[in-house]
Participant: 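Would you mind keeping the following structure in view while I ask a few things?
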Amino acid sequence: MARRIVLSSDRDEPSGSTEDLTIEYAEALNEQQYAAATAGKGPLLIVAGAGTGKTRTLIYRLAYLVETGTRPQQIVLLTFTRRAANDMTARASNLLDGRCEKVRGGTFHAFCLEVLRQHAEALGFPRNFTVLDAADAADVLSVIRTRGEYGDGEERFPQKNTLYSMFSSATNRDETLGETITKRYPQFTSLHAELKALRDAYRRYKKEHGLMDFDDLLERTLELLETDDDVRHQVASRCRHVLVDEYQDTNALQAELVKKFSSVHGNVTVVGDDAQSIYKFRGADFRNIFRFPDEFDDTEVVKLEHNYRSTQPILDLANRVIEQAERSYDKTLFTEKTEGELPALVPAADGDMEARFVAEMVLRLREDGVPLSDVAVLFRSSHNAYDLEVELNQRNIPFVKYGGMKLNEAAHIKDVLAHLKVVENPQDAASWNRALQLIHGIGPKTAQSLIEWTTEAAEDPLTLGDGAPFSDRYAARLKQLFSTLRHVRSDDTSVTEQVEAILDYYQPLFENKYADDHPKRAPDLEHLAGLAANHESRQRFLSSLTLDPIELTALDQETGEDDEPPLVLSTIHSAKGLEFHTVFLIRALDGTIPSRHALREPGGVDEELRLFYVAVTRAEEGLFISYPMTQYRRGQGEYMTTPSRFVEDLPDDVLEPVQLVEEDAVDENAPDAPEGGDTLPSSRNGEAPAPPESTRDDGPPDDPADADGLPF
DNA sequence: GATATCCCTATTTTT
DNA sequence: TAGGGATATC
């Protein structure tokens with residue numbers, strides 16, 4: 001263990017002087033926000049309800065810390081997405097002449113990655129280790145499973161994705177594998193020993209080949225900081241202030257990391273709202289936030305309750321929603337925006353009609369001056385938006401979808417990235433596997449022996465030694481592959497050139513592999529090359545893609561300079577922390593939200609309820625909760641749905657029912673026959689869904705008389 | 001040993 | 001509805 005020489009840090013000690021502050025904190029913030037932003041040293045817990053200016057407070061705190069002498073490089077801001085981190089540092093920089101840009105920050109995973117790149121060797125990993133995303137990790141598990149003949153028994157052995165979630169679940173909840181299996185995967189209890197062996201094999205494999213999955217980033221960092229006190233001291237010394245956003249969604253591992261990061265200076269600020277904890281599946285526990293004062297002595301607690309986002313009617317609904325929870329949440333949000341439209345509950349005949357309703361309303365809002373980008377459509381899970389996506393495409397309404405397919409999850413992108421990864425880390429057997437099997441004539445077996453050849457026999461893994469086990473069938477391609485890779489490796493190629501070189505090589509393989517739809521996929525490859533230009537190194541490019549994935553639809557849209565900012569479609573999870581003028585919550589069905597899967601888990605319904613609460617509290621002025629009354633399922637055809645239990649018992653003066661009427665439909669009340677063909681898209685142009693907002697304050701709001709001529 | 005084809009099944013949320 | 005497993009064919 002290295003000898004430690006402690007340098008006096010007086011030089012760095014923040015002055016703490018409040019004499020020459022350039023920002024009028026007391027004027028910009030309310031009393032509690034001010035207290036939070038300007039709190040002194042030590043642990044600080046900010047319990048902030050939805051829309052209470054939590055982000056604003058955090059930004060001012062950043063600025064305050066910098067103004068009172070803390071160097072920005074010594075502040076660590078941990079957030080849930082990189083977008084949130086960039087957003088906050090940018091806003092803080094605006095307040096303070098750019099100084100806050102140097103604040104370090106990002107997600108837990110990204111920050112841990114930074115630490116690990118520095119110290120990986122101490123853990124027996126190479127510094128250029130590869131980060132596996134969930135799909136990569138599952139692929140690795142699949143390879144190991146097949147090789148080790150784990151599933152040879154009679155019982156069904158879990159699939160690769162299940163294996164990954166199982167192991168990940170154990171890590172994130174800080175449980176033993178046995179506990180996780182008993183609690184969450186009881187059907188595999190009899191396989192416990194085999195699963196344990198498989199997990200050990202997976203761990204060994206990752207270490208041998210320089211691979212880390214998402215969980216490793218957290219777990220290995222913690223291991224590093226726990227076992228090597230010099231490293232811990234070194235890392236924590238650089239964290240004079242640690243700020244954590246969305247603390248209610250941290251899990252046991254992350255809470256422990258926060259402790260370690262702040263173990264030298266003891267300055268931690270965490271912000272969160274227990275009623276908005278929605279990441280239980282990742283091991284988050286809303287009670288974490290209340291444990292904070294027990295974990296950190298002398299915690300100062302500040303509560304923010306004044307809501308600046310929503311109108312009173314929306315808050316009333318939010319309060320009624322959260323009241324339904326088993327556990328009571330101590331929420332007393334209040335606002336001064338007492339006026340406002342009632343949130344509306346909108347049943348639609350079917351998913352198609354629901355989509356038309358939303359599209360129509362979005363256009364009306366735009367005519368009334370609400371920009372598309374200030375409107376969001378939220379849903380429980382990604383596929384809930386399919387109908388709407390089709391509708392929006394037909395009407396040429398630009399949108400971005402968050403929480404759908406990510407660019408780097410698309411198979412063709414993974415193919416290209418595998419080649420880059422192999423150059424970056426030639427031990428990365430998982431990527432070799434992928435790259436090699438693209439070549440016609442190379443399957444799992446040949447790939448395996450080739451990998452052994454390159455990584456063991458040759459001194460340079462990117463050359464093929466004589467006598468490598470290859471046959472003429474694919475020899476030419478293989479040589480081409482290796483020369484491409486060597487070119488990519490050479491020092492003077494930019495990341496863009498590297499990607500281009502791989503694309504040239506990949507093109508014929510690509511067209512062969514995706515014979516039916518490669519023209520559709522091709523633009524993504526171009527985008528990838530474009531993205532590469534923004535990155536200074538291959539390694540950074542790769543990790544930024546895995547840790548901060550790009551939404552596929554964001555690229556479809558090709559947002560040019562003067563294009564209209566698009567409508568936002570988002571899973572509720574991905575909408576966390578955002579706000580919009582008007583929110584549509586679609587597919588509010590029992591079985592969707594709450595999800596059918598959640599009903600089986602203890603505490604599952606409450607978690608879904610919090611999710612619902614998050615959705616509702618995103619809205620500033622307008623809120624429409626809609627659902628289709630019938631749905632189609634493969635086997636059964638159409639069937640009647642049940643509205644979400646969360647809206648069922650709400651009185652009309654909290655959530656106002658609205659009836660949708662087709663403009664040119666014959667006066668037909670409820671389409672109770674499953675085959676009711678009259679609502680199907682017989683006419684694309686004439687329908688008039690909900691009456692405009694204005695008719696909704698007086699009496700039954702179902703008169704479509706004022707449905708104006710529609711501009712399409 | 002690689003690949004083409006067919007059938008079955010499970011189906012949330014994210015770093 | 002796609003992705004995985006099993007089977008048949010090259």
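Here is how names work: the chains are called A, B, and so on, in the same order as the sequence lines, proteins then strands, and each is numbered from 1. Below, all heavy atoms of this structure are taken into account, side chains as well, without hydrogens, waters or symmetry copies. Given the structure is predicted, the values throughout are model-derived calculations rather than measurements.
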Participant: Using a cut-off of 4.0 Å on non-hydrogen atoms, how would the nucleic acid contact of Y279(A) be classed: base, sugar-phosphate, or nothing?
Facilitator: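 The answer is sugar-phosphate, as Y279(A) gets under 4.0 Å only of primed atoms, P, OP1 or OP2.
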
Participant: What integer distance in Å separates N172(A):CG from dT13(B):P?
Facilitator: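 So the two atoms are 17 Å apart, to the nearest Å.
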
Participant: Among all residues two or more places apart in sequence or in another chain, which pass the side chain to side chain donor-acceptor pair (under 3.5 Å) test with E607(A)?
Facilitator: R610(A)

Participant: Just the atom pairs and distances: protein N or O near nucleotides 2-7 of chain C's N or O, under 3.5 Å.
Facilitator:
from	atom 1	to	atom 2	distance (Å)
dG4(C)	OP1	K160(A)	NZ	2.9
dG5(C)	OP1	R145(A)	NH2	3.1

Participant: I'd like a table of atom pairs between the protein and nucleotides 3-5 of chain B - only N or O on both sides, under 3.5 Å - with the distance next to each one.
Facilitator:
from	atom 1	to	atom 2	distance (Å)
dT3(B)	OP1	G441(A)	N	2.7

Participant: Once salt bridge (charged side-chain N to carboxylate O under 4.0 Å, His left out) is applied, do any residues pair with E409(A), and if so which ones, sequence neighbours excluded?
Facilitator: none

Participant: Write down the distance between CD (E409(A)) and C1' (dT14(B)), rounded to a whole number of angstrom.
Facilitator: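 Rounded to whole Å, this separation is 9 Å.
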
Participant: Indicate yes or no: does E246(A) engage K54(A) in a salt bridge with an N to O separation below 4.0 Å.
Facilitator: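 Salt bridge present between E246(A) and K54(A).
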
Participant: Between L218(A) (CG) and dT15(B) (P), how many Å, whole number?
Facilitator: 13 Å

Participant: Taking atom P of dT13(B) as reference, at what distance in whole Å does atom NZ of K280(A) sit?
Facilitator: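 Rounded to whole Å, this separation is 17 Å.
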
Participant: For L116(A) and dT15(B), give me the distance from atom CG to atom P, rounded to whole Å.
Facilitator: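 Taking CG of L116(A) and P of dT15(B), I get 19 Å after rounding.
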
Participant: Between N172(A) and S168(A), is any side-chain donor less than 3.5 angstrom from a side-chain acceptor?
Facilitator: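 There is such a pair (donor and acceptor under 3.5 Å, judged by atom type) between the side chains of N172(A) and S168(A).
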
Participant: Between F188(A) and Y185(A), how do the two ring planes meet: parallel, tilted or perpendicular, split at 30° and 60°?
Facilitator: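 Parallel: the ring planes of F188(A) and Y185(A) meet at under 30°.
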
Participant: NA contact type, T546(A), heavy-atom cut-off 4.0 Å: base, sugar-phosphate, or nothing?
Facilitator: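 No contact.
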
Participant: Using whole Å, what does the distance between atom P of nucleotide dT12(B) and atom NZ of K401(A) come to?
Facilitator: 14 Å

Participant: Of all residues at least two apart in sequence or in a different chain, which pass the side chain to side chain contact (heavy atoms under 4.5 Å, CB included) check with A252(A)?
Facilitator: D174(A)

Participant: Taking 5.5 Å and 30° as the limits, would you call F281(A) and the base of dT13(B) a stacked pair?
Facilitator: yes

Participant: Do you know which of Y613(A), Y627(A), F612(A) makes ring-ring contact (aromatic ring centres under 6.0 Å, His included) with F646(A)?
Facilitator: F612(A)

Participant: Within this structure, what is the CD-to-P distance between E551(A) and dT13(B), rounded to whole angstrom?
Facilitator: 12 Å

Participant: Please tell me which of K445(A) and K406(A) maps to the more 5' nucleotide of DNA chain B, matching each residue to the nucleotide holding its nearest heavy atom.
Facilitator: K445(A)

Participant: Are the side chains of T571(A) and R380(A) in contact, using a 4.5 Å heavy-atom criterion?
Facilitator: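 A side-chain contact under 4.5 Å is absent here.
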
Participant: Please name all residues satisfying salt bridge (charged side-chain N to carboxylate O under 4.0 Å, His left out) with K414(A), sequence neighbours left out, ordered by chain then number.
Facilitator: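 Salt bridge (charged side-chain N to carboxylate O under 4.0 Å, His left out) list for K414(A), sorted by chain: D133(A), D136(A).
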
Participant: What nucleotide among dT12(B), dA2(B), dT15(B) has an atom nearest to a side-chain atom of A134(A)?
Facilitator: dT15(B)

Participant: Does R282(A) make a cation-pi contact with Y279(A) (under 6.0 Å, within 45 degrees of the axis)?
Facilitator: yes

Participant: Looking at dT14(B), dT12(B), dT15(B), which one has an atom nearest to any side-chain atom of S381(A)?
Facilitator: dT12(B)

Participant: Please confirm whether the shortest side-chain N or O distance from S595(A) to OP1 or OP2 of dT13(B) is below 4.0 Å.
Facilitator: no

Participant: Take atom CZ of R173(A) and atom C1' of dT14(B), then tell me their distance rounded to the nearest Å.
Facilitator: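 Those two atoms, CZ and C1', are 13 Å apart.
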
Participant: Which of these nucleotides, dG1(B), dT15(B), dT13(B), is closest to any side-chain atom of T81(A)?
Facilitator: dT15(B)

